[in-house]
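Here the structure is laid out as structure tokens; the discussion comes afterwards.
The structure displayed is predicted, hence computed values, not measured ones. Heavy atoms only: backbone and side chains are in, while hydrogens, waters and symmetry mates are out.
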Amino acid sequence: MKVECWAATDTGRQRDHNEDNFLIDKELGLFVVCDGMGGHAAGEVASAIGVETIRERLRDERTSLEAGGDLEPLDEATILDRLDRAVRRANARIHDLSNASGAEGGMGTTCSLLLIQGGTGYVAHVGDSRIYRLRRGECQQITDDHSLRNRMLQEGQLAPDETFSQPNAVTRAVGMNEALDVETFTTDLRPDDRFLICSDGLYDHTETSAEIAELTEGYDLESAIGRCIEFANQSGGDDNITVVMMELDRGEGIWSVRETTPEDRVIRQLPHFRHLSSEAREEVAERSERWMVEEGVDVVEAGESQEALFAIVEGRLQVEQDGRPIEELAPGEHFGEMALLGYTKLDVSARTSEPSTLLRLSRQAFLDYLRADRDRALKVLWNVLEHCADKL
């Protein structure tokens, strides 16, 4: 995709300095917003290290590929792994500096980045800055806030209209701890899509994504960003405000990307198989049963013994408990994962709400997959352990 872009940052009306940093690198197709935190000027230092380390790491890898003549198309998992490593490298640099310097102790930063290559957007995200996608007049938040406020909202401890009264403490930040879990995923791109990356200084003054659409719809990028910053300042301007916007047109990215199948894209989204090679994911697909199901079919029924994980490739499933709908599963989502570790009985049922295509990975196929490669098994089991810990 060809990309037009614009960005601006503003200190706001209540702060005496700006701890936000942003990055636009059109050659790499890389766009980043980091919102720093920490005493004195530490937040500004952390966010600056974040954007520069990520750019340096990705540029170095690109230079190494060019020097070695190794410009074969990269699969999506490889690109996401490079983003993950770049953010982790920033985490290590910030954490080391924080430990070595009393003035900058405890510093950290959020990081929300979008890498645009071909027809795919690659996202790496830590903290509570946000990425929105604006498509055909509708605005969708595509990142999930790593914050106490959002966790309470998801767990039902906080109603949507109570969020403004709750402090927005982050639960994940780059540099705060030695270990870091970076959220990575892909998003599809279409011509005329717009993406907006911002710090919480903007969205904390909005109640819905629709307000972001109202601020930007029908305006060129520079004017749209100006409206966003003016809106945040008029609403109090109690934090730094940073906004990066992109508008897409047809074109090619600098890194060639290998085409992937719908099954591969779904498997890559499963937390159990993240950071695996394309060959390792292809083997998961080969060991899974591809199941095409008509509308209104019970895929599983409550009380049945379960022996497989199900992932939705196409279509939608309605999850019910005691005859009441409780959740709808869309492509890329999954259920039944505990069956991979032992035979279980579900207390819910799942029925297709439209014609659907599923992948069914049985417990036996999963165990055979692990036994085939010890190193791969260790990585997968560690992923499963991290995923279970996150859910707990």
For the pair Arg376 (side chain) and Leu370 (backbone), establish whether a donor and an acceptor sit closer than 3.5 Å, ignoring hydrogens and angles.
no
salt_bridge(Glu56, Arg59) N-O dist < 4.0 Å
no
Under 4.0 Å between a side-chain nitrogen and a carboxylate oxygen: does that hold for Asp145 and Arg149?
no
Got a donor-acceptor contact below 3.5 angstrom from the Ser47 side chain to the Thr109 backbone?
no
Does a sphere of radius 6.0 Å around CZ in Arg151 hold more than 12 heavy atoms from other residues, nucleotides or ligands, not counting ones at 6.0 Å or beyond?
no
Test item: side-chain donor near acceptor, Gln140 and Arg133, under 3.5 Å
yes
Cation-pi check, Arg227 to Tyr219: give yes when NZ or CZ is under 6.0 Å from the six-membered ring centre and within 45° of the ring axis, no otherwise.
yes
Does the pair Glu307/Arg363 count as a salt bridge with the N-to-O cut at 4.0 Å?
no
Does the side chain of His272 come under 3.5 Å of the side chain of Glu337 through a donor N or O and an acceptor N or O?
yes
Looking only at atom types and distance, does a side-chain atom of Ser235 sit under 3.5 Å from a main-chain N or O of His205, one as donor and one as acceptor?
no
Can you classify the ring geometry of Phe273 versus Phe366 as parallel (below 30°), tilted (30 to 60°) or perpendicular (above 60°)?
perpendicular
Verify, without hydrogens or angle tests, whether Glu138 (side chain) and Leu134 (backbone) share a donor-acceptor contact under 3.5 angstrom.
no
Under a 3.5 Å distance rule, please check whether Gln117 uses its side chain to pair with a backbone N or O of Leu28 as donor and acceptor.
yes
Would you check if Glu295 and Arg351 make a side-chain contact, meaning some heavy-atom pair closer than 4.5 Å?
no
Within 6.0 Å of CH2 in Trp382, more than 12 heavy atoms from elsewhere
no
Using modelled atom types and a 3.5 Å cut-off, is there a donor and acceptor pairing between side-chain atoms of His125 and backbone atoms of Asp144?
yes
Mark yes or no for whether Asp25, through its side chain, and Glu27, through its backbone, hold a donor-acceptor pair below 3.5 Å.
yes
Taking Thr9 as the fixed residue, which of Asn240, Thr242, Asn21 is the one that meets the side-chain hydrogen bond (donor to acceptor under 3.5 Å, both in side chains) rule?
Thr242
Asp128: what forms a side-chain hydrogen bond (donor to acceptor under 3.5 Å, both in side chains) with it, not counting sequence neighbours?
Asn168
In this structure, which one of Asp239, Asp10, Asp238 forms a salt bridge (charged side-chain N to carboxylate O under 4.0 Å, His left out) with Arg15?
Asp239
Check: Glu354 main-chain N/O paired with Ser356 side-chain donor or acceptor under 3.5 Å
yes
Would Lys379 and Asp375 pass as an ion pair if we require N to O under 4.0 Å?
no
Any side-chain donor-acceptor pair under 3.5 Å between Ser112 and Ser129?
no
Can a donor-acceptor pair be found between the side chains of His146 and Thr171 at a distance below 3.5 Å?
no
Salt-bridge contact Arg287-Glu283 (side-chain N to carboxylate O under 4.0 Å):
yes
I'd like to know if Met292 and Leu359 are part of one continuous hydrophobic network [Ile/Leu/Val/Met/Phe/Trp/Tyr, side-chain heavy atoms within less than 4.5 Å].
no
Taking Arg190's backbone N and O only, do any of them form a donor-acceptor pair with Asp193's side chain (distance below 3.5 Å, no angle check)?
yes
Assess Arg130 against Tyr203: is NZ or CZ under 6.0 Å from the centre of the six-membered ring, and within 45 degrees of the ring's axis?
yes
To the nearest 0.5 angstrom, please state how far the CG atom of Leu270 sits from the CD atom of Glu333.
11.0 Å
Looking at residues at least two apart in the chain, or sitting in another chain, which of them share a salt bridge (Lys or Arg N to Asp or Glu O under 4.0 Å) with Glu328?
Arg316
